[in-house]
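Below is one structure, written out as C-alpha cells; the observations come after it.
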Amino acid sequence: MLTLKLIQENKEFVIERLAVKNKNVGESVEKIIEFDNNRRSLQNQSDNKLAELNKVSQEIGQLMKSGQKEEAEKAKQITVSLKEDIKILGQQLADIEKQLHDVLVTLPNLPHSSVPKGKTPEDNEIVRSGGPAIKENDQMVPHWDLAKKYDIIDFDLGNKITGAGFPVYKGKGAKFQRSLIGFFLDEATNAGFREVIPPFMVNEDSGFGTGQLPDKEGQMYHDATDNLYLIPTAEVPVTNIFRDVVLNESEFPVKYTAYSPCFRREAGSYGKEVRGLNRLHQFDKVEIVVVANPKDSYEQLEKMVDHVENLLLKLELPYRILRLCGGDMSFTSSLTYDFEVYSEAQKRWLEVSSVSNFESFQANRLKLRYKDEATKKNQLAHTLNGSALALPRIVAALLENNQTPDGIKVPEILLPYTGFKFID
RNA sequence: GGAGAGAUGGCAGAGUGGUCGAAUGCGGCGGUCUUGAAAACCGUUAUUCGAGCGAUCGGAUCGGGGGUUCGAAUCCCUCUCUCUCCGCCA
C-alpha cells in the first residue's frame, strides 16, 4: 500500500510511475486526494467537538463535586446536541476512511526507475546468463516420461489421492526432493539467513499484510470453517513475523529462510505449460526473506540475486536472469528479478525463482517499522524476498538435462545429501 | 468438545466511574559522582491522527468491536486470544 503522504505530495510522479506498469491511475489518485482532504476536514471538526465535550464533562464533574446540582444539569443540556454532532461526524469519518482505504488498496506498488517498460514476458530484460552450455539433442526425454521410467514421481497416484497437480514422490524421487530442500536450507543458513519453520496456514490479517488479500483471494486455498488460508509461499507467514513490529536500526538487515510446501489453486491453467512438474497445486520451496533499512535495500536485493545465482551454478544448470518489465511484475513489487533454467527436453526456459524488493509497500500494510537513530521517529522498513529455490522445475531441469544411459546423474554438490550418484 | 480464570505501557504489576495516557518496580536512555566502572542519587522514557513555519495545541488508543453515562481502563453485551482443570489425541 502506498502512503498517503507520497500520493498527496507527488501525485504526478505516482501516475507516471504506474504508467510503466501499464496502469492508468489518474482517476484513482484524484479520488484519493479528494477523500483524504475530506477526511482531514471531518476529523478536524470531530476533534473540536470532542474537545468541547471533554471540557464540559470535566466541568460537570467539578460542579457535582461542589454540590451545584442545578448548574450540572444545565451543563448536561449542552452535551445533547454536541453528542449528536459527534455521532454524525464520526459516521461520516468512518465512511470516508473506508472509501479512501478501498481505493488506496487498488494501487499497485511503484516500479523502480530501472524497470523496463513493457507489457508481456517478451519485454523482460535479460540481465545475464550462465551455467553450462545448452546441449542440443532431439533424443532427450521429457521429465514426465523419465519420472515414470524410474518410478520416482507418480502423477496418477496423486490424482487418485487428491487430484491433478498433487504428485507423489517415490523412492529416490522422494529422497532427491528432500536432498534439494536440505541443500537449499544449508546454503541459506551458511549465508546468514536464520531458519524458521512457519505455520503453513495463515489468517486474514497475514494475507492482507503481504498483499495476497484482498486482491488474489481466489488463488489461495481457503478453509471457511476457521477462515484460514493455506500459504501460497513461505513469504506470507515469514514476512508476517514482522507485522506490527518496530525494529532497531542496528538490527538490519534481518535475514530469514524457511522451507515450506506451497499451495496454489492456479485457477484456469491448462495445456502443455502445466504438464508434469511445470505447474502444481502443491510444491516445495525454500524462501529467503529480508527486512532491510531503506538506505540499502537495493544492495540487499543484489546480494539475494547473487545467492540464488550461486545455487544454480552449484547445481550446474544453464540459467538466465531477467529484470521483469512493468507489465510482468507483481502488484506488490518495485523491482523483480526472475531466474529461469533451461529445460533441454522441453526446449524452453522454466522460471525457478523470483527475487523482489517491495520497498515499503508491504511494510505499510504490515506496520513494520524501525526506529530511525537520527530522527528518533518510526519509519517504514523495506521488505524483500526470493525463492532459493522452488523445487519442481529445478527437478524437471535436473532430470532432463542430466539424463544418461545409466540413469539420471546427480549433481556433485548433492551427493552428500542423496547418498547415491544415479537415479536409476 | 465441557467447566472456570484472565487480557493494562519494553517487561512485571496497581487502578474508588470524574485532570488516568494511567501509581510503583525492573529494564532502557541522559546526567551527577568516579582515573574508569559498579553502586547511589537526579532527570527522562508509548503510539498514532489532525492544526501550525515552529515552540506548541487538540483528538484517539488500557486485547478487538458495540452499548450505558454529561463523563468508562473501571459498568453491560459480543468477538478473539491466553491460562488452569476435564475429555480426546500425534
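Within every chain, numbering begins at 1; the chains are lettered A, B, ... in the order of the sequence lines, protein sequences first and strands thereafter.
- Using a 4.0 Å heavy-atom cutoff across all strands shown, A/Gln58 reaches no nucleic acid atom at all.
- Look at A/Arg40 and you won't find any side-chain N or O under 4.0 angstrom from OP1 or OP2 of B/C49.
- The base-pairing partner of B/G30, taking Watson-Crick or G-U wobble contacts with both distances under 3.5 Å, is B/C42.
- An OP1 or OP2 oxygen of B/G67 is reached within less than 4.0 angstrom by no side-chain nitrogen or oxygen of A/Lys87.
- Within the 4.0 angstrom heavy-atom criterion, base atoms lie near A/Ile60.
- Using bins of under 30°, 30° to 60° and over 60° for the plane-to-plane angle, the ring pair A/Phe193/A/His307 lands in the tilted bin.
- In this entry the distance linking NZ of A/Lys55 with C1' of B/G59 reads 15 Å, nearest Å.
- Of the side-chain N and O atoms in A/Asn54, one or more sit less than 4.0 angstrom from OP1 or OP2 of B/G59.
- In this structure, B/G63 forms a base pair with B/C79, meeting either the Watson-Crick or the G-U wobble geometry with both donor-acceptor distances under 3.5 Å.
- The separation between A/Gln91 atom CD and B/G67 atom P is 9 Å, rounded to whole Å.
- Between the P atoms of B/U45 and B/G10, the separation comes to 14 Å (whole Å).
- Judged by Watson-Crick or G-U wobble contacts below 3.5 Å, the nucleotide B/A14 has no partner.
- With A/Phe420 as the aromatic partner, A/Lys172 meets the cation-pi criteria of under 6.0 angstrom to the ring centre and within 45 degrees of the ring axis.
- Nucleotide B/A72 holds its C1' atom 13 Å from the CG atom of A/Leu53, rounded to whole Å.
- Residue A/Ser57 is classed as a base contact, given a heavy-atom separation below 4.0 Å to a base.
- At the heavy-atom level, A/Ala75 lies nowhere under 4.0 Å from the strands shown.
- Residue A/Asn48 is out of contact with every strand shown, counting any heavy-atom pair closer than 4.0 Å.
- For the pair A/Pro232 and A/Gln212, the minimum side-chain heavy-atom distance is below 4.5 Å.
- The distance from atom CD1 of A/Ile86 to atom P of B/G50 is 19 Å, rounded to the nearest whole Å.
- Counting only heavy atoms from C-beta on, A/Gln43 has its side chain closest to B/C49 among B/U48, B/C49, B/C70.
- Mapping A/Ser46 and A/Arg39 onto RNA chain B via the closest heavy atom, the residue that lands nearer the 5' end is A/Arg39.
- Summary of the strand contacts: A/Asn44 and A/Lys83 both lie near RNA chain B, and taking for each the nucleotide with the nearest heavy atom, the more 5' one is attributed to A/Asn44.
- Put simply, CD on A/Gln62 is 18 Å from P on B/C70, counting in whole angstrom units.
- Computed from coordinates, the A/Asp47 CG to B/U61 P distance equals 11 Å when rounded to whole Å.
- At a threshold of 4.0 Å, the pair A/Glu249-A/Lys295 counts as salt-bridged, since one of the basic side-chain nitrogens sits closer than that to a carboxylate oxygen.
- For A/Lys371, counting side-chain heavy atoms from C-beta on, the closest listed nucleotide (B/U47, B/G58, B/A60) is B/U47.
- A ring-centre distance under 6.0 Å is found for A/Phe242 and A/Tyr256.
- Here the C1' atom of nucleotide B/G50 and the CG atom of A/Asn38 are 15 Å apart, to the nearest Å.
- A/Arg369 has a side-chain polar atom (N or O) that falls below the 4.0 Å cut-off from OP1 or OP2 of B/U48.
- One can place CG of A/Asp244 at 14 Å from C1' of B/A46, the figure rounded to the nearest angstrom.
- Proximity of A/Glu235 to A/Gln362: side-chain heavy atoms (C-beta onward) are separated by under 4.5 Å at one or more points.
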